[in-house]
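Beneath this line is the structure, given in structure tokens, with notes to follow.
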Amino acid sequence: MKLKQIMAAAFSLILAVGNSTAAFAVDEAASSEMVSDEAETEQALTAVTLNEVAHSIFYAPQYVAIELGYFEEEGIDLTVVTGFGADKTMTALISGEADIGFMGSESSIYTYSGGAADAPVNFAQLTQRAGNFVVAREDTDDFEWRDLVGKDVLGGRAGGMPEMVFEFILKQNGIDPSEVNINQSIDFGSTAAAFSGGQGDYTIEFEPSATTLEQEGVGYVVESLGVESGYVPYTAYCAKSSFLTEHPDVIQAFTNALQKGMDYVNSHTPEEIAEVIAPQFPENDVETITTIVKRYYEQDTWKEDLIFEEDSFELLQDILESAGELEARVPYEELVTTSFAELSVQ
């Protein structure tokens, strides 16, 4: 009897050990499978480098797409580098340091006109108004463009969109740019500091510089170039023609992610948008970001889609001609493709 009990106990022990071993094996296999799945997910992301002309709240839809993980959803591991100027961003794109460039489309026109063999092509337009403002020394509700005649104004780089749109507006108001003392010698991004230091009667500023000058009490926003200039294709994404041909799936995924960001800003409040993009701008508090987003939101800065229309491209060339920066107009079909943006809204 004791022998049977001993054998039964031994048999039960063997079963217990076997079951534990089997369970461990199953758990280990499941764990290995999860690790494998995670590795495959990470491997599935395609590395893409984007060089942006500036890091600004003006480009809120892009940062919404980043912060809400829309690029990862589309299979893209995005690295963003700030070029601090369209010339530097275009150089990074042409040299291959960046896969995609984000800047004013005038740069692609200059590059094409210069005879580049692999000219960048614009595939998505983000903003449809100028993003800068006239900042004055004194606050006023009755600013007129003729107030700038004979005054010192801190402007932008010759041939760049900020400066060309500014001069275009002056002409639209019957003012020859030569009537205004426009200082174009200060580097991009340094004009606000120069103005704060006492240079200029007025300065043309992007955000957050315009609002920062107001908060410091040294400047006041008196006019929006975006409102005054109308709908202008201010910034767009472009890639070399060869990259578009060789990696259409990457460009489509990138465009899809951006469209999700556009959809978000067009369906949410400035307060909600500011909360989402706040991590991108740690130097500003949420209240300041909200003020800036609201300013852009109310002037209809962002398109509903990313389609770069031909009318917008021709207006851009009108501005370039007006500034004396375009010897001959270039064909829309050579420098713009809408196929990716059209698919992203379907």
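- When atom types are taken as modelled, the side chain of Gln317 and the backbone of Val330 share a donor-acceptor pair closer than 3.5 angstrom.
- Using modelled atom types, no side-chain atom of Ser322 and backbone atom of Asp318 make a donor-acceptor pair closer than 3.5 Å.
- For CD of Glu304, the number of neighbouring non-hydrogen atoms (other residues, nucleotides, ligands) closer than 6.0 Å is 12 at most.
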Please table the atom pairs, donor to acceptor, closer than 3.5 Å between any side-chain atom in residues 147-161 and protein atoms at least two apart or in another chain.
unit_1: Asp147; atom_1: OD2; unit_2: Glu144; atom_2: N; d: 2.9
unit_1: Asp152; atom_1: OD1; unit_2: Asn181; atom_2: ND2; d: 3.2

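- In this structure Tyr332 satisfies the ring-ring contact (aromatic ring centres under 6.0 Å, His included) test together with Phe313, sequence neighbours excluded.
- Crowding of Glu283 atom CD: a count of heavy atoms from other residues, nucleotides or ligands under 6.0 Å exceeding 12.
- With sequence neighbours left out, Glu342 forms a salt bridge (Lys or Arg N to Asp or Glu O under 4.0 Å) with no residue at all.
- Contact check for Glu74 versus Gln252: no side-chain heavy atoms found under the 4.5 Å cut-off.
- Atoms CD and CG, on Gln62 and Leu258 in that order, are 6.5 Å from each other to the nearest 0.5 Å.
- Counting only residues at least two apart or in different chains, salt bridge (charged side-chain N to carboxylate O under 4.0 Å, His left out) contacts with residues 222-240 are absent.
- Not a single side chain to side chain donor-acceptor pair (under 3.5 Å) links Asn284 to another residue, sequence neighbours left out.
- By the 30° and 60° cut-offs, the orientation of the rings of Phe102 relative to Tyr59 is perpendicular.
- Atom CD of Glu327 is surrounded by 12 or fewer heavy atoms from other residues, nucleotides or ligands within 6.0 Å.
- At distances below 3.5 Å, at least one donor-acceptor pair connects side-chain atoms of Glu272 with backbone N or O atoms of Thr269.
- Put simply, CE on Met262 and CD on Gln125 are 8.0 Å apart, with the number rounded to the nearest 0.5 Å.
- The side chain to side chain donor-acceptor pair (under 3.5 Å) search around Asp139 returns none, not counting sequence neighbours.
- For the ring-ring contact (aromatic ring centres under 6.0 Å, His included) test, no residue two or more places apart in sequence or in another chain qualifies with Phe168.
- Shown here are the side chain to side chain donor-acceptor pair (under 3.5 Å) partners of Asp142, two or more places apart in sequence or in another chain: Thr140.
- Counting heavy-atom neighbours within 6.0 Å of Phe143 CZ, excluding the residue itself, gives a total above 12.
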Q | Test ring-ring contact (aromatic ring centres under 6.0 Å, His included) applied to Phe308 and Tyr237, step by step | A | CA-CA 10 Å; Phe308 197 152; Tyr237 297 87; over 10 Å; no
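- At least one side-chain heavy atom of Pro61 sits less than 4.5 Å from a side-chain heavy atom of Leu126.
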Please report, to 0.1 Å, the donor-acceptor pairs under 3.5 Å made by any side chain of residues 189-200, with sequence neighbours excluded.
unit_1: Thr191; atom_1: OG1; unit_2: Glu205; atom_2: OE1; d: 3.3
unit_1: Thr191; atom_1: OG1; unit_2: Glu205; atom_2: OE2; d: 2.6
unit_1: Ser196; atom_1: OG; unit_2: Glu216; atom_2: OE1; d: 3.4

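- Expressed to the nearest 0.5 Å, how far OG of Ser108 lies from CE of Met103 amounts to 7.5 Å.
- At least one donor-acceptor pair under 3.5 Å links the side chain of Tyr296 to the backbone N or O of Gly131.
- Hydrophobic cluster membership is shared by Leu68 and Ile66, with clusters built from Ile, Leu, Val, Met, Phe, Trp and Tyr side chains linked at under 4.5 angstrom.
- Ser229 has its side chain out of reach of Arg129: every pair of non-hydrogen atoms, C-beta onward, lies at least 4.5 Å apart.
- If you take CG on Asp305 and CG on Asn266, they are separated by 9.5 Å, rounding to the nearest 0.5 Å.
- Within the structure, ring-ring contact (aromatic ring centres under 6.0 Å, His included) contacts touching residues 267-292 (residues at least two apart or in different chains) are His55-Phe281, Tyr63-Phe281, Tyr264-His268.
- Residue Ser209 holds its OG atom at 12.0 Å from CD of Glu214, rounded to the nearest 0.5 Å.
- Listed for the Asp176 side chain is a donor-acceptor partner under 3.5 Å among the backbone atoms of Ser178.
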Q: Please report the C-alpha distance between Glu321 and Arg329 in whole Å, then the side-chain angles of each, then the deciding distance to 0.1 Å, and finally whether the side-chain contact (heavy atoms from CB on, under 4.5 Å) criterion is met.
A: CA-CA 8 Å; Glu321 283 185 332; Arg329 297 178 81 93; 2.8 Å; yes
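- The shortest side-chain heavy-atom distance between Asn183 and Thr203 does not fall under the 4.5 Å cut-off.
- Partner Leu78 forms a side-chain contact (heavy atoms from CB on, under 4.5 Å) with one of Leu50, Leu45, Thr49 and no other, that one being Leu50.
- In this structure, Trp302 contributes its side chain and Phe58 its backbone to a donor-acceptor pair below 3.5 Å.
- Taking the six-membered ring where the residue is Trp, Phe123 and Phe340 present perpendicular rings, their angle passing 60° and hence far from 30°.
- Asp300 and Tyr231 share a donor-acceptor pair across their side chains, judged by distance under 3.5 Å alone.
- Considering only residues two or more places apart in sequence or on other chains, Glu207 meets the salt bridge (Lys or Arg N to Asp or Glu O under 4.0 Å) condition with Arg295.
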Q) Which is it for Tyr234 and Thr301 under the side-chain contact (heavy atoms from CB on, under 4.5 Å) test, yes or no, and what are the steps along the way? A) CA-CA 10 Å; Tyr234 209 79; Thr301 293; over 6 Å; no
Q: Kindly determine whether Val218 and Val135 satisfy side-chain contact (heavy atoms from CB on, under 4.5 Å), including the steps that lead there.
A: CA-CA 9 Å; Val218 297; Val135 179; over 6 Å; no
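- Not a single donor-acceptor pair under 3.5 Å links the side chain of Asn122 to the backbone N or O of Val336.
- Put simply, the side chain of Trp145 reaches to within 4.5 Å of the side chain of Val134, judged on heavy atoms.
- Residues Glu163 and Val165 have side chains not in contact (no heavy-atom distance under 4.5 Å, counting atoms from C-beta outward).
- Rounded to the nearest 0.5 angstrom, Glu325 CD and Met164 CE are separated by 6.5 Å.
- Within the 4.5 Å cutoff, no side-chain heavy atoms of Glu97 are placed close to those of Asn51.
- Ile169 and Leu225 make their closest contact through CD1-O, 3.6 Å (heavy atoms, listed as atom of the first residue, atom of the second, distance).
- Every residue meeting the ring-ring contact (aromatic ring centres under 6.0 Å, His included) condition with Phe71, not counting sequence neighbours, appears here in chain and number order: Phe254.
- Looking at heavy atoms from C-beta onward, Ser107 lies out of side-chain contact with Thr89 at the 4.5 angstrom threshold.
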**Q.** Step-by-step side-chain contact (heavy atoms from CB on, under 4.5 Å) determination, Cys238 to Leu93
**A.** CA-CA 9 Å; Cys238 63; Leu93 183 65; 3.7 Å; yes
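- For the residue pair Arg146 and Asn173, the shortest heavy atom distance occurs at NH1-O, 4.3 Å.
- Tyr297 pairs with exactly one of Ile292, Thr290, Ile273 by the side-chain contact (heavy atoms from CB on, under 4.5 Å) rule, that one being Ile273.
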